[in-house]
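Any value given below was found using the heavy atoms of this structure, including those in side chains, with hydrogens, waters and symmetry copies removed. Letters go in sequence order (proteins before strands), and every chain restarts at 1.
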Amino acid sequence: KNEVEQSPQNLTAQEGEFITINCSYSVGISALHWLQQHPGGGIVSLFMLSSGKKKHGRLIATINIQEKHSSLHITASHPRDSAVYICAVREEYGNKLVFGAGTILRVKS
Amino acid sequence: EAQVTQNPRYLITVTGKKLTVTCSQNMNHEYMSWYRQDPGLGLRQIYYSMNVEVTDKGDVPEGYKVSRKEKRNFPLILESPSPNQTSLYFCASSFDRGLTQETQYFGPGTRLLVL
């Protein structure tokens, strides 16, 4: 079993829809990252969380440490949101990052 | 402009021919790391460095070497490349691993094909 599981693996949405991507992990962590990988391959860091909730524009990330679960929400989705969204965790007593397999999001206009 | 640069961006080579992929950051970051990305396997950490002269293995270090002689540079060395090292490689850096400074900045990626 992977330490970091993301769901769904693939997601197709209509423009304007509210989108949720989930990340569950099985180890104690010190931080959780959400990354976005564009179709051209570049990776951008969206959020780094250790507790609670963060918001940036139309993106919201939440984490529940007790339940070992995080969600990434996209409000009013747009075709330019089409990308791969990757969850990564830093283990509590280590310096390594462990990644989920990614969620492929396609937003249709 | 704050950035992480990698060179080369694309490389085709043959089995056994030593190569180096360079990574440089201009943000005075302490933490640097190398990842490889393969279809179906996602991103996996190869090596990381907490600071100059401090490096450690990630999840898939076999067949790779790194060095951190200067803060800004973190080259990835493949002494004897093999076809299973064909992959997309990313370098990344962050200020440190403190929770408020840990945003990762990624390089543009290097596509390597080993024949």
Side-chain angles (χ1 to χ4, degrees), chain A residues 1-10 21 23-25 27-54 56 59 61 63 65 70 83-104, chain B residues 2-6 9-10 23 25 27 29-51 54-61 66 68 74 87-112:
Chain A
K1 186 181 187 298
N2 292 335
E3 291 181 353
V4 181
E5 298 275 358
Q6 285 186 237
S7 63
Q9 289 184 311
N10 289 278
I21 299 170
C23 176
S24 296
Y25 51 92
V27 296
I29 69 168
S30 59
L32 182 143
H33 298 257
W34 280 103
L35 310 171
Q36 180 192 53
Q37 186 168 25
H38 300 291
I43 298 176
V44 174
S45 179
L46 297 175
F47 295 103
M48 195 276 293
L49 296 160
S50 56
S51 64
K53 176 180 174 179
K54 286 189 177 179
H56 185 259
L59 301 178
I63 188 168
I65 297 293
S70 175
V84 178
Y85 292 84
I86 302 167
C87 171
V89 301
R90 184 176 300 287
E91 295 175 344
E92 191 170 13
Y93 298 111
N95 295 309
K96 295 190 296 185
L97 273 181
V98 181
F99 295 84
T103 294
I104 302 171
Chain B
Q3 60 182 352
V4 179
T5 57
Q6 292 179 230
R9 295 288 313 279
Y10 305 91
C23 173
Q25 50 90 6
M27 295 169 278
H29 284 171
E30 293 184 352
Y31 185 93
M32 297 185 74
S33 185
W34 276 103
Y35 305 95
R36 62 178 289 174
Q37 186 176 37
D38 303 289
L41 296 176
L43 282 158
R44 293 178 292 169
Q45 194 167 32
I46 304 171
Y47 269 96
Y48 62 92
S49 169
M50 299 292 289
N51 213 326
V54 180
T55 63
D56 210 344
K57 296 176 182 178
D59 288 322
V60 287
V66 292
R68 187 93 181 271
F74 190 45
S87 188
L88 176 58
Y89 291 87
F90 288 99
C91 179
S93 72
S94 64
F95 188 71
D96 62 24
R97 75 171 297 269
L99 294 180
T100 60
Q101 303 278 17
E102 206 185 321
T103 298
Q104 298 271 313
Y105 295 83
F106 284 81
T110 295
R111 287 196 180 273
L112 173 64

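Contacts of A:Leu49 with chain B are absent, with no heavy-atom separation under 4.5 Å from either backbone or side chain. Residue A:Leu46 does not touch chain B at all, counting heavy-atom pairs closer than 4.5 Å. Contacts between A:Gln37 and chain B at a heavy-atom distance below 4.5 Å involve the side chain alone, from C-beta outward. Looking at B:Tyr105, there are no atoms closer than 4.5 Å to chain A (heavy atoms on both sides), in backbone or side chain.
Residues forming a side-chain hydrogen bond (donor to acceptor under 3.5 Å, both in side chains) with A:Ser45 (at least two apart in sequence, or on another chain): none.
Scanning all heavy atoms of the two residues, the minimum distance from A:Lys96 to B:Gln45 falls at CA-OE1, 3.1 Å.
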Derivation of the side-chain contact (heavy atoms from CB on, under 4.5 Å) call for A:Ile43 and B:Phe90: CA-CA 9 Å; A:Ile43 298 176; B:Phe90 288 99; 3.8 Å; yes

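The side-chain tip of A:Arg90 does not point at the ring of B:Tyr48 from less than 6.0 angstrom away and within 45° of straight on.
In this structure, the side chains of A:Phe47 and B:Thr103 stay at 4.5 Å or more apart for every pair of heavy atoms.
Each of B:Leu41, B:Asp59, B:Leu43 was evaluated against A:Phe99; a single residue qualifies, B:Leu43, per the side chain to side chain contact (heavy atoms under 4.5 Å, CB included) test.
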